[in-house]
Participant: 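Shown below is the structure under consideration.
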Amino acid sequence: LSETKDFELNSNSAVYAYIVPEHLVVKSDHQRILKQAYIDKFLSGCLEIGGHGFVVECIETTDGWNAEHYENDRDQSIFSMKNISKQTITIIDDFISAKLPLLKQ
């Protein structure tokens, strides 16, 4: 990793990372779009793996939440519509409102 923060992990810590394949990396900041469908997929996975506490941890330890390049594409996302329940969507929206309010303005 090219950028790290100074911290120590316990010997029993679990580290989750998503590395974007090189051919999918968008190099230009103005072309990067933070899509709601990706947020839905990410946070529903966090919820499934570790519950509400892990969702908070995932949000707080993820960099790059950028409202300037946010796009709510949930209504066009087949994944969000078919694979994520309305109850989970409500939970995700509640977490976004509480932890990432800039995305909902």
Side-chain angles (χ1 to χ4, degrees):
L1 297 174
S2 61
E3 295 180 27
T4 58
K5 297 179 180 176
D6 293 328
F7 62 89
E8 290 186 31
L9 296 174
N10 296 327
S11 61
N12 62 346
S13 296
V15 176
Y16 298 89
Y18 175 74
I19 308 297
V20 178
E22 186 62 33
H23 70 281
L24 296 177
V25 173
V26 176
K27 308 257 190 249
S28 171
D29 283 347
H30 73 277
Q31 290 180 328
R32 289 187 190 141
I33 304 297
L34 179 59
K35 294 191 175 197
Q36 183 63 50
Y38 292 118
I39 295 170
D40 290 344
K41 185 181 287 192
F42 172 60
L43 293 182
S44 66
C46 296
L47 185 63
E48 183 179 326
I49 289 171
H52 290 213
F54 191 53
V55 173
V56 171
E57 185 178 341
C58 289
I59 290 170
E60 291 178 349
T61 60
T62 298
D63 291 326
W65 301 108
N66 185 341
E68 182 180 350
H69 301 291
Y70 170 75
E71 177 184 317
N72 188 349
D73 66 334
R74 183 182 281 160
D75 291 340
Q76 293 84 41
S77 169
I78 293 170
F79 180 87
S80 291
M81 290 187 290
K82 288 189 174 185
N83 297 336
I84 303 176
S85 70
K86 290 185 187 299
Q87 179 183 6
T88 299
I89 291 291
T90 299
I91 292 168
I92 290 169
D93 286 343
D94 289 346
F95 277 111
I96 290 171
S97 294
K99 296 289 185 181
L100 301 167
L102 292 176
L103 296 184
K104 290 298 182 179
Q105 291 182 355

Participant: By side chain to side chain donor-acceptor pair (under 3.5 Å), which residues pair with S80, not counting sequence neighbours?
Facilitator: D40, S77

Participant: Does atom OH of Y38 have more than 12 heavy-atom neighbours from other groups under 6.0 Å away?
Facilitator: no

Participant: For the backbone of E68 and the side chain of N66, can you confirm whether one donor and one acceptor N or O come within less than 3.5 Å of each other?
Facilitator: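 Side chain of N66 to backbone of E68, a donor-acceptor pair under 3.5 Å: yes, one is there.
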
Participant: In chain order, what residues pass the ring pair (Phe, Tyr, Trp, His ring centres under 6.0 Å) check against F95, with sequence neighbours excluded?
Facilitator: H52

Participant: So how far is it from N83 CG to M81 CE, rounded to the nearest 0.5 Å?
Facilitator: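 The CE atom of M81 is 10.5 Å from CG of N83, to the nearest 0.5 Å.
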
Participant: Just jot down the side chain to side chain donor-acceptor pair (under 3.5 Å) partners of T88, sequence neighbours excluded, or say none.
Facilitator: S85

Participant: If we ignore hydrogens and angles and just use 3.5 Å, is the side chain of W65 paired with the main-chain N or O of I59 as donor and acceptor?
Facilitator: yes

Participant: Can you measure from CD1 (I92) to CZ (F42) and round to the nearest 0.5 angstrom?
Facilitator: 10.5 Å

Participant: Drop me the distance from Q76's CD to K35's NZ, to the nearest 0.5 angstrom.
Facilitator: 9.0 Å

Participant: Under the side chain to side chain donor-acceptor pair (under 3.5 Å) test, which residues partner E60, sequence neighbours left out?
Facilitator: K99

Participant: Atom CD in E48, atom CD1 in I84: separation rounded to 0.5 Å?
Facilitator: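 That separation rounds to 10.0 Å.
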
Participant: If you round to the nearest 0.5 Å, how far is CD of E57 from OG1 of T62?
Facilitator: 9.5 Å

Participant: Who pairs with T90 by side chain to side chain contact (heavy atoms under 4.5 Å, CB included), at least two apart in sequence or on another chain?
Facilitator: D94

Participant: Strictly distance-based, threshold 3.5 Å: is any side-chain N or O of D73 a donor or acceptor partner for the main-chain N or O of A37?
Facilitator: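 A pair under 3.5 Å: yes.
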
Participant: Report the C-alpha separation of I39 and L103 in whole Å, then their side-chain angles, then the decisive distance to 0.1 Å, and conclude whether the side-chain contact (heavy atoms from CB on, under 4.5 Å) test is met.
Facilitator: CA-CA 11 Å; I39 295 170; L103 296 184; 3.9 Å; yes

Participant: D93: which residues meet the salt bridge (charged side-chain N to carboxylate O under 4.0 Å, His left out) condition with it, sequence neighbours left out?
Facilitator: R74, K104

Participant: What's the spacing between L43 CG and L100 CG if we round to 0.5 Å?
Facilitator: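 One finds 7.5 Å between CG of L43 and CG of L100.
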
